[in-house]
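A short write-up of the structure that comes next.
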2 protein chains.
Amino acid sequence: MKVLKPTESELDILKILWENGDCTVRQVHEILASNKEIGYTTTLKLMQIMHGKGLVERDESSKTHIYKALVSRDKAEKQVLNKIIKDVFDGSAARLVMQALGNHQASDAELEKIKQLLNELENKK
Amino acid sequence: MKVLKPTESELDILKILWENGDCTVRQVHEILASNKEIGYTTTLKLMQIMHGKGLVERDESSKTHIYKALVSRDKAEKQVLNKIIKDVFDGSAARLVMQALGNHQASDAELEKIKQLLNELENKK
DNA sequence: TTGGAATTACGAAACTCTTCGTATATTTGA
DNA sequence: TCAAATATACGAAGAGTTTCGTAATTCCAA
């Protein structure tokens, strides 16, 4: 099975669908356009291409189509990370984690959650 | 200041320069060509473009130029991560870390190193 | 009912990235 | 010395992405 790798623009649209649920092109466009200059037909075309690639499906029963993400957020995130880990971090997830932790400030609560996850991972072994 | 975002091919070349130190086009090409089909002039062109972008500098004192990375590995890794964290993980490094840890098998030693890093981070607060 | 607004479909331009062929210059060794 | 090997420069093709204009269709409100 072919791995679907969303482009950057496609990811923007997927995020909107993940966060807002199924959307019309108009709805997606309004959100995109609130962050940057973009024409309506550009948004439309992107979503049509995503449909062609199988990244989204759409309900065509009424004239105004309703789009739904076909990739889960979790899966897409994993794909992105796998690629980075492979390409940039020599396949070492730990290297990536340490670079991320060293660079970014995480809140106490977040650090606690991460430690908890680490303990669970160790117990599983 | 403009952020330099290496493309995938450019990253391949940077990695060679980071690991092997300064290189001629020929040296870089030999390493690239051991992993995939690629013509010499392709490698040359890529490195010329990288030079134009300021990703590398080169010593032109002899006919055969010697290229040197101008971005550090650490900085490039941080840039890649920052972008992903911003684009995909809503700005939360912790979300990225958890996705990475949940997905990939890290060795005990790696997990230990990560826990240690977490402790250091907590003590710093 | 009908004209304007909204929607989809489609083609093509502009841009970036990757690739390589060809031209030109330099070095080298037989 | 001078032909072959090696190097750089450069242009351009091909693929993928992003952008939008235009045409055709459908819907809705006056």
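- Contacts between residues 61-68 of chain B and DNA chain D, counted as heavy-atom distances below 4.0 Å, involve B:Lys63, B:Thr64, B:His65.
- Grouping the Ile, Leu, Val, Met, Phe, Trp and Tyr side chains by contacts below 4.5 angstrom, directly or via other members, places B:Ile49 apart from B:Leu11.
- In this structure, A:Lys83 and B:Glu8 have side chains that are in contact, with non-hydrogen atoms separated by less than 4.5 Å.
- When the side-chain hydrogen bond (donor to acceptor under 3.5 Å, both in side chains) test is applied to B:Asp74, the partners found at least two apart in sequence or on another chain are A:Gln99, B:Lys78.
- With rounding to whole Å, B:Met50 atom CE is found 17 Å from C:dT16 atom P.
- Residues A:Gln48 and A:Val25 fail the side-chain proximity criterion, which asks for heavy atoms closer than 4.5 Å.
- Between the P atom of C:dC17 and the CD atom of A:Glu8 lies a distance of 11 Å, rounded to the nearest Å.
- Within residues 17-28 of chain A, the residues that have a heavy atom under 4.0 Å from DNA chain C are, in order of number, A:Val25, A:Arg26.
- Remark: P of C:dT22 and CG of B:Leu44 are 16 Å apart, rounded to the nearest angstrom.
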Nucleotide N/O to protein N/O under 3.5 Å, stretch nucleotides 19-21 of chain C:
{"from": "C:dC20", "atom 1": "OP2", "to": "B:Gly39", "atom 2": "N", "distance (Å)": "2.8"}
{"from": "C:dC20", "atom 1": "OP2", "to": "B:Thr42", "atom 2": "OG1", "distance (Å)": "2.8"}
{"from": "C:dG21", "atom 1": "N7", "to": "B:Thr41", "atom 2": "OG1", "distance (Å)": "3.4"}

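- The salt bridge (charged side-chain N to carboxylate O under 4.0 Å, His left out) pairs that include a residue from residues 45-57 of chain B are B:Glu10-B:Lys53, where partners are two or more places apart or lie in different chains.
- A heavy-atom distance below 4.5 Å is not found between the side chains of A:Ile16 and A:Tyr67.
- Residue B:Gln48 contributes atom CD, which lies 16 Å from atom P of C:dC17 at whole-angstrom precision.
- Atom CD of A:Glu30 is separated from atom P of C:dA6 by 10 Å (rounded to the nearest Å).
- Linking Ile, Leu, Val, Met, Phe, Trp and Tyr residues whenever their side-chain heavy atoms come within less than 4.5 Å leaves B:Ile66 and B:Val56 in two separate clusters.
- Between B:Ser92 and B:Ile85, the closest heavy-atom pair is N-CG2, 3.7 Å.
- Residues A:Met47 and A:His65 form no side-chain contact, since every pair of their non-hydrogen atoms from C-beta on lies 4.5 Å or further apart.
- B:Val28 pairs with exactly one of B:Asn20, B:Leu46, B:Ile13 by the side chain to side chain contact (heavy atoms under 4.5 Å, CB included) rule, that one being B:Ile13.
- Residues A:Leu55 and A:Leu14 share a closest heavy-atom pair of O-CD2, 4.1 Å.
- Mapping heavy-atom proximity under 4.0 Å, the span of DNA chain D touched by chain B runs 5' to 3' from D:dT6 to D:dA12.
- A:Lys15 places no side-chain N or O within donor-acceptor distance of the main-chain N or O of B:Asp90, the cut-off being under 3.5 Å.
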### Task
In sequence, state the C-alpha distance, the side-chain angles, and the governing distance for A:Asp59 and A:Ser61, and then conclude on side-chain hydrogen bond (donor to acceptor under 3.5 Å, both in side chains).
CA-CA 6 Å; A:Asp59 176 351; A:Ser61 57; 2.7 Å; yes
